[in-house]
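One structure below.
Bear in mind that the values here come from a model prediction, so they are computed numbers and not experimental data. Lettering of chains follows the sequences in order, A, B, ..., and the numbering in each one begins at 1.
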Amino acid sequence: MRFPARWLVGLCSAGLCSAITFAAGSGEDKQLSLTIYNGNLALIEHVRPITLETGRQRVEFSGVSAQILPQTVNFTASNLELLEQNFDYDLLTPEKLMEKAIGGKVRIVRTNPATGAESSETAEVLSTMGGTVMRIDGRIEVLRDDSLPARVIFDKVPENLRARPTLSVLVNSSQAGTQDARLTYLSRGLTWDADYVAVFNEPKGVLSMQGWITLSNDSGTGFVNARAQLVAGNLHLTDTELRGIDRDNSATRRAAGTEAGTQPQLGDYYLYPLAHPTTIANNQKKQVGFLESDDVKASKGYEVTFGGFSSSDEPQSAQVRVRFSNSKAGGLGAQLPAGVVRVYARDSKGQPQFIGEDKITHTSAGSDIALRIGDAFDVTVTPTLSQVTKINKRSSEYQMSYLVRNARAEAVTLTLRQIGLWRLNEVRAESIKGRRTDANSFAWDVPVPANGETTLTFTMRQSW
Amino acid sequence: MRRALFAMSLLTALPAAADVVQLVSPRPDSVSVTIYRDLFALITETRTVDLPAGPVTLVFDGVVDTLLPQSAVVADTNRAVNEANYDFDRLTPANLLKKSIGRSVTLWRTNPATGRARQVIATVVAANEDGVVFHTADGNEALQCSGLPEQLTFTEIPGELKSQPQLSIHLAAGEPGRRQVKVSYLAHGFAWQANYVAQLGERMDLLGWITLDNFTSTAFRNASVQVVAGKLNLLSAEDDRGTGVLGASEDYGPDEYLDEDRDMAVEDMREELDEEPEDVEYYFGCYPMGFPKQVITAEDVGSLGYMNNTEALQRISGEELDEVIVTGHRASMAVRENLADYQLYRLPNPTDLQARQTKQVAFLHKPDVRYERFYSVRLGSMYDFDESFEPIVPTVKVGWVNQQSDGLGEPLPSGKVRFFEQSPAGSVFVGDDRLSDSPVGTPSEFILAQANDVAFGVDNLMDAGNSDIAPGPLSWLTRTAYLPVHLRVTNAKRTPVTFELRQAPIDDFENFRVKDASLPTKRKSGDYMWRFTVPANGESTLNYKLGGRVPD
């Protein structure tokens with residue numbers, strides 16, 4: 001835009017004008033809409049004025065996404081018949097230029113290195129395999145095999161060689177004039193994710209949460225003044241698999257919510273329209289806020305999981321989790337699109353410091369969430385398998401002792417899980433009352449005093 | 001006609017750009033850098049801006065170019081943030097050409113005979129990896145294929161190309177005036193580790209050092225610098241848009257692996273700085289010609305100002321630690337505080353953290369720590385009693401308990417401990433080992449070396465030539481066998497030594513037990529354990545029985 005219009009004149013004399021004659025003004029969108037999905041996919045709609053003559057003609061669209069999926073293009077305008085759609089990606093390079101000139105004429109301008117005098121000749125290009133072979137004035141010569149300067153000048157650039165991949169349609173119009181044409185297509189290179197910043201105030205038991213939509217555009221094209229909306233949800237696409245069900249004890253989402261969300265819905269997805277038209281430059285990441293709450297009730301918990309019976313010299317750190325609910329009562333009352341939650345805590349000077357991150361899946365409102373923050377420096381567990389006793393051919397007893405140390409200045413409770421037990425299992429003795437969490441696992445809540453330790457012992461009988 | 005269209009589009013494009021004021025904040029007033037062990041840092045900048053009443057775009061120059069855009073937060077603006085943008089369409093020769101497609105440039109051609117340069121207005125028709133085609137009044141040509149010196153010059157840099165990645169935010173209208181805004185973000189290219197120096201004497205003198213690295217090209221003046229010790233949960237930067245350059249924390253097994261990977265990554269970063277700059281990416285390609293393609297390399301373009309920092313970076317712990325200790329400023333130590341479930345160490349004074357700099361500061365000095373040096377053997381297989389196998393050599397270990405009554409009682413972040421001992425010739429390095437994160441109250445043990453003067457022997461009375469248990473003492477009714485073990489430890493030193501023997505469960509037995517020991521039996525991490533003193537130039541013996549049920 002900033003450039004003088006004279007380059008267009010240059011292009012016309014370059015023989016490029018015929019290609020853009022019908023597409024005058026087609027680089028400017030009257031309206032541009034983007035619907036961006038989570039998994040590197042966007043639906044793009046351009047509404048552009050095009051000026052048509054009657055009859056067959058080609059309309060070219062510049063400024064479409066370079067990562068367009070050409071098979072998804074849909075072009076609509078009135079009073080015309082669509083003959084064909086083309087997506088040309090034969091890039092214009094010096095080599096291609098010469099290749100396409102085979103059988104045609106080029107001009108050779110030589111500069112005499114001694115005198116500086118220029119002389120011009122017309123050459124016929126014969127071959128470009130391993131060197132350019134030309135016929136000039138009846139003699140055959142190889143371009144520049146004398147290493148002397150020689151410019152090659154091409155009068156025309158072949159129409160199907162493009163500076164950028166270009167979308168064009170061949171139409172038959174029954175009416176001349178300017179009208180708005182609508183072009184829609186799917187494209188890769190545009191995607192979005194949610195990012196959350198959560199500042200955890202542990203003494204108050206409160207999270208202050210902000211949610212950001214991070215849009216990224218690697219499509220190779222910038223989009224100006226676009227109306228954008230984002231779709232939260234996992235679409236099924238033929239070339240990607242939906243994620244399997246995550247039945248993991250360390251899962252972030254502990255209970256699915258049943259509250260209705262806050263955003264307009266489309267089928268099973270949530271829509272997040274951006275309030276203002278936005279410009280998304282190529283190679284840009286853009287963040288737009290969509291959620292803010294300073295008063296989300298949260299608590300901290302320590303967890304550790306053991307998948308077998310063994311001893312260790314090295315104490316194992318307990319996992320720290322921050323638990324909250326995105327329910328109305330919990331202070332949020334909104335569904336949370338999948339993304340990364342970064343958790344911060346304030347240091348002694350009141351400055352937020354990063355303390356860990358976890359990801360959440362698309363989470364319906366009212367769900368219980370337990371973010372894994374990291375490993376506790378001061379809460380550790382040392383497991384000891386003190387005795388194994390074989391009861392009979394099909395059962396054994398394992399006597400475990402877990403030494404839980406707490407070097408913090410306040411008392412903590414550690415939830416210790418013993419998972420992956422055999423089919424028949426039974427606690428024969430325990431120092432703290434535990435609970436069966438499912439067929440193959442037990443959990444104990446171990447209270448540990450400040451700067452102190454507690455030993456959990458139990459005897460587990462396993463049979464098969 | 002075409003001209004008219006152009007003018008129209010200008011009119012529609014301009015107002016949108018004109019009603020938003022752009023304000024550039026060239027540099028932060030002050031900055032805080034918190035370095036984590038997993039090769040990243042949290043940068044918090046305070047910047048003063050004079051906000052106009054209307055909507056404004058704030059551009060933050062001088063942010064660290066390795067920043068993770070999804071982590072950027074701008075706070076204290078007192079206005080609604082409409083959007084934040086992170087642009088990294090870099091100004092490179094290749095991008096400059098690509099953005100110039102369809103635009104007018106100046107072509108300079110030098111006549112080889114006269115040396116006179118002629119300039120021609122040209123239009124870039126195509127520019128990609130395979131070359132550049134331009135158009136002049138003469139026709140279409142390829143750039144730098146004629147053999148004549150040819151150069152393109154540009155009248156301006158396309159606005160979207162930035163020499164540095166740029167962070168900006170669009171703020172809604174609001175109260176005008178001077179404000180201090182806070183910009184914080186995570187950035188890669190930082191590292192720190194803890195190193196300990198332990199001088200062994202009657203008591204131990206333990207000194208802890210923080211070594212921190214800034215591998216980025218950003219210098220931080222007068223920065224407050226902190227490091228955080230602890231294991232944060234991180235997602236993989238590559239797969240999950242997380243912060244972890246080494247992958248997701250949950251995929252890591254033992255801490256040693258993570259430590260190793262971390263060390264390797266730091267080495268890689270150090271080496272990257274020493275590498276030759278890559279060839280400049282520039283579009284260059286011609287049609288086939290009678291001579292080989294010419295390639296523009298960095299050397300042709302000239303020095304790009306890369307500095308060799310090798311020497312500065314090689315000056316780091318290890319061999320030269322002695323020197324560091326001598327010159328270290330013990331007076332100004334980093335101060336520890338609790339941060340959530342981690343430890344945060346604050347460097348004592350604001351400091352300049354230069355680009356590509358390594359800095360060391362002490363964080364702990366405990367001059368009078370009770371420790372124990374002992375010799376240790378762990379038995380855990382029937383082969384251990386077989387004389388035809390390699391004899392078992394005791395290891396020399398140092399152990400301490402991290403408690404105040406023993407002269408310690410401070411959280412110790414994981415790191416390497418290097419042990420030194422006084423000799424007539426001065427301080428001598430006697431071995432090193434890894435310390436895992438050690439909260440107050442936990443014991444730690446380190447392997448120093450293999451013993452020379454303390455030997456260990458098995459006088460086994462049983463026939464354990466193979467791993468099968470000899471049937472002799474086996475009670476056929478209960479299938480229970482207890483095998484007697486006779487151990488002898490000799491000490492050739494002029495001082496008595498402490499010996500620790502650990503008997504781990506042996507897989508050949510079910511219901512493994514140890515009984516009838518000649519010394520009091522203790523348990524340690526599931527093992528049976530004895531501790532006893534071996535007199536100077538003397539020996540000690542230990543007898544016990546081990547066994548259990550022999551599987552059917």
(Q) Within the 4.5 Å heavy-atom criterion, are A:K285 and B:N85 side-chain neighbours or not? (A) no
Q) So, are B:D138 and A:R151 salt-bridged, with charged N and O less than 4.0 Å apart? A) yes
Q | Within-4.5 Å side-chain heavy-atom neighbours: A:Q351 and B:S32 | A | yes
Q. Minimum heavy-atom separation for A:T384 to B:G526, with atom names?
A. CG2-N, 3.1 Å
Q | Shortest non-hydrogen separation from B:L42 to A:Y344 and the atoms involved | A | CD1-CE2, 4.0 Å
Q: Measure distances from A:V152 to the heavy atoms of chain B and classify the residue's part below 4.5 Å as side chain, backbone, both or neither.
A: both
Q) Does the side chain of A:K349 reach to within under 4.5 Å of the side chain of B:S224, using non-hydrogen atoms? A) no
Q. Would a 4.5 Å heavy-atom cut-off, applied to side chains only, mark A:R408 and B:D341 as touching?
A. yes
(Q) For a 4.5 angstrom cut-off between non-hydrogen side-chain atoms, does B:L339 reach A:I355? (A) yes
**Q.** Presence of salt bridge, A:R346 and B:E337, under 4.0 angstrom
**A.** no
Q. Any side-chain heavy atom of B:N233 within less than 4.5 Å of one from A:Q319?
A. no
Q. Quick one: are B:V440 and A:D378 in side-chain contact, heavy atoms under 4.5 Å?
A. no
Q) Do B:Y342 and A:I373 come close enough that some side-chain heavy atom pair is under 4.5 Å? A) yes
Q. Can you name the closest pair of heavy atoms from B:A113 and A:A114 and give their distance?
A. CB-O, 3.3 Å
Q: Could you tell me which non-hydrogen atom of A:S317 sits nearest to which non-hydrogen atom of B:K231, and how far apart they are?
A: OG-NZ, 3.8 Å
Q | Region of B:Q226 in contact with chain A, defined by heavy-atom distances below 4.5 Å | A | side chain
Q.
For B:K524, is there an ion pair with A:D313 - N to carboxylate O distance below 4.0 angstrom?
A. no
